[in-house]
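Numbering of ligands and ligand atoms starts at 1, following listing order. Please read these numbers as outputs of a predicted model, since none were measured by experiment.
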Amino acid sequence: MVASRSQLTSWQALEQQAQELKSAHLKQLFAQDADRFSTFSLEIPGVLFDYSKQLITTSVRDSLIALAEQCELGQWRDKMFSGEKINFTEDRAVLHTALRNRAKTAVMVDGQNVTEQVETELAKIKVFVEKVRSGAWLGYTGKAISDVVSIGVGGSNLGPQMATEALASYADDTLNVHYVSNVDGVQIAHVLKELNPETTLFVVSSKTFTTSETMTNAGTAVQWLTNASGDEAAIAKHFVAVSTNLEKTAAFGIADENVFTMWDWVGGRFSMWSAIGLPIALYLGYDAFIDMLEGAFEIDQHFQQAPLSENIPVLMGLLSIWNTSFLDHRAQAILPYDQALHMLPAYLQQGEMESNGKSVNFAGQAVNYTTVPLIWGMTGINGQHAFYQYLHQGTTIVPADFIGSVQPQHDVDDHHTILMSNFFAQSEAMMNGVDADEVRADLQAKGLSEQRIEELVEHKVHQGNRPTTSIILDKVDAKAVGRLIAMYEHKIFVQGIILEICSFDQWGVELGKGLAKNIESELRDNRVGEHDSSTRGLMAYYQAKRQ
Ligand code: F6P
């Protein structure tokens, strides 16, 4: 029986090391070791991973690796890949890796070889994608499809939309893809306004096919189509579904052959590799979708085979734990210096926070450490002109991931050089800071009086010592997206195992799915039920104004 995490010798060593490092500065660590970059960076095909600007030493890394070993991380990883039901609160296997198992080796769950199921579904996706993209799939008036509207929310939206945005530079003119996730009718109204029902195909993606937002949007889409076609027979030509729930898809009116399957061993936020990724394949072609799976598969192999100390997802997870649970930094910024990755922060918010934003361990006991940080961010350049002030001089230290690429998707003059200059300069400044002597020298050189210099100096000091990781991709293409997302997925797994968090359920979000139901019926009946005085007051105000 493994001891509670904070009783492990490695955990206690890390607590001690965190105390010692509180007085250290990254700048000194770089000054003391000319080889710090090579000590704390790794290169694998298509990815450079530099964690030398994290506040660690080799002995901290050794203790982190010892922690991983004492938590039996390797054994847990093998259980996940082999299909053991490690999502024990839902009694499910966790096999998003089987969706991209390009070696096609058998993986068994409940006596079934899921690899065969995945291959069958991929073949179906291929045929369908080719039919739609070639113009052979016809709408109710015999016209080819020009636009795809993907309806889904959370894991049934964020992955496909993030990847679509990331890879838009590679799309041809065959199809446009639009996303509707919000139940706010503004979004679907805005999308449908531009479209022709005769040439629009809806992909309704919902693992459960019960999510109210998705079902409401799908209902509106059906209405829009049948208003135009005057005939429900059109639904079969304009709606396909991705779901585990064949009963519900049939009840909705979607023929079984137009339903793409996923399985309960795929978590919603890990599902873009399944048929949930259908909009990606429709937009970019089946081969690009496979490239994305290939990129993820490379990382799966790296995660399974590389020694823990040279294993990028393992280090990502351990560094997050070091920053959060030991150094007490409670937020983490995701800063892509690549416009193509502009949805990455939103995608990783769900990935990390829905997975590990929890506070009890495997045994259901409250943990006595901070679990995962608040994840936030936006593209680096836009962030620089918005919240970087806080990152540089705020009272809270926010570790950050900088993500950039060697080659831009579009080479326009020297844009990429300017972009990446900012990447290097910002992470360097967050590490080094600017001390009072440097500020004084700068202001003296500018000819300011001694009095003015003293007035300004503390305002212009930057403490530095802000930990960052830099990830440089070759170029944001389908393989790179696959690699990057798989790296973060496995990071999340590592965090979960080490912190003893059940990463693959989401009871907090499930709660939200039911919460609005009672109030919805009260609003429909124009009445206010039993609530606290604030909720009653708010509802009464809203209802009065809606009269
Ligand atoms: O957003 C909460 C959640 O439960 C996610 O886990 C899931 O990805 C999303 O709802 C959508 O659920 P479904 O695919 O069943 O519609």
A.B. asks: For the atom pair OG (Ser503) and CD1 (Ile492), what is the distance rounded to the nearest 0.5 Å?
C.D. replies: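 Atom-to-atom, Ser503:OG and Ile492:CD1 are 8.0 Å apart.
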
A.B. asks: Just distances here: any N/O of Thr208 and N/O of ligand 1 closer than 3.5 Å?
C.D. replies: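 Right, the criterion is met.
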
A.B. asks: Report yes if some heavy atom in the side chain of Ile312 is under 4.5 Å from a heavy atom in the side chain of His302; otherwise report no.
C.D. replies: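 Yes - at least one pair of side-chain heavy atoms lies under 4.5 Å apart.
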
A.B. asks: May I ask you to list the atoms of ligand 1 that are less than 4.0 angstrom from any heavy atom of Ser206?
C.D. replies: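 So the atoms of ligand 1 that pass are 13 (P), 14 (O), 15 (O), 16 (O).
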
A.B. asks: With nothing but distance in play, are any N or O atoms of Gly268 less than 3.5 Å from an N or O of ligand 1?
C.D. replies: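 No, Gly268 has no N/O under 3.5 Å of an N/O on ligand 1.
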
A.B. asks: Among the heavy atoms of Gln350, does any lie under 4.0 Å from an atom of ligand 1?
C.D. replies: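 For ligand 1, residue contact (heavy atoms, under 4.0 Å) with Gln350 is present.
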
A.B. asks: May I ask you to identify the nearest protein heavy atom to atom 12 (O) of ligand 1, giving residue, atom name and distance to one decimal place in Å?
C.D. replies: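 Atom 12 (O) of ligand 1 sits closest to the protein heavy atom Lys513 NZ, 3.3 Å.
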
A.B. asks: Could you tell me which residues satisfy salt bridge (charged side-chain N to carboxylate O under 4.0 Å, His left out) with Glu213, sequence neighbours excluded, listed by chain and number?
C.D. replies: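 Testing Glu213 for salt bridge (charged side-chain N to carboxylate O under 4.0 Å, His left out), a comparison that skips the adjacent residues, returns none.
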
A.B. asks: What's the shortest distance from atom 1 (O) of ligand 1 to any protein heavy atom, and which residue and atom give it?
C.D. replies: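 Sorting protein heavy atoms by distance from atom 1 (O) of ligand 1 puts Val509 CG1, 3.5 Å first.
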
A.B. asks: Could you tell me whether the side chain of Val314 reaches within less than 4.5 Å of the side chain of Leu73, counting heavy atoms only?
C.D. replies: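 Leu73 vs Val314: side chains touch.
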
A.B. asks: Please tell me if the side chains of Gln332 and Leu348 come closer than 4.5 Å, counting only heavy atoms from C-beta onward.
C.D. replies: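 Answer no - side chains too far apart.
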
A.B. asks: At a 4.0 Å threshold, what atoms of ligand 1 neighbour a non-hydrogen atom of Val153?
C.D. replies: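 By the 4.0 Å cutoff, the relevant atoms are 9 (C), 11 (C).
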
A.B. asks: Heavy atoms only: which of Glu354, Lys207, Met262, Arg269 is nearest to atom 5 (C) of ligand 1?
C.D. replies: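 Going through Glu354, Lys207, Met262, Arg269 one by one, Glu354 has the nearest heavy atom to atom 5 (C) of ligand 1.
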
A.B. asks: Would you check if there is a donor-acceptor pair between the side chains of Thr89 and Asp505 at a distance under 3.5 Å?
C.D. replies: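 On atom types as modelled, these side chains qualify, holding a pair under 3.5 Å.
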
A.B. asks: I want to know if ligand 1 touches Thr211 in the polar sense, i.e. an N/O pair below 3.5 angstrom.
C.D. replies: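 Yes.
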
A.B. asks: Can you tell me the protein heavy atom closest to atom 8 (O) of ligand 1 and the distance?
C.D. replies: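 I find the closest protein heavy atom is Gly155 N, 2.7 Å.
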
A.B. asks: Among Phe252, Tyr179, Phe239, whose ring pair (Phe, Tyr, Trp, His ring centres under 6.0 Å) with Phe202 holds?
C.D. replies: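 Result for ring pair (Phe, Tyr, Trp, His ring centres under 6.0 Å) with Phe202: Phe239.
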
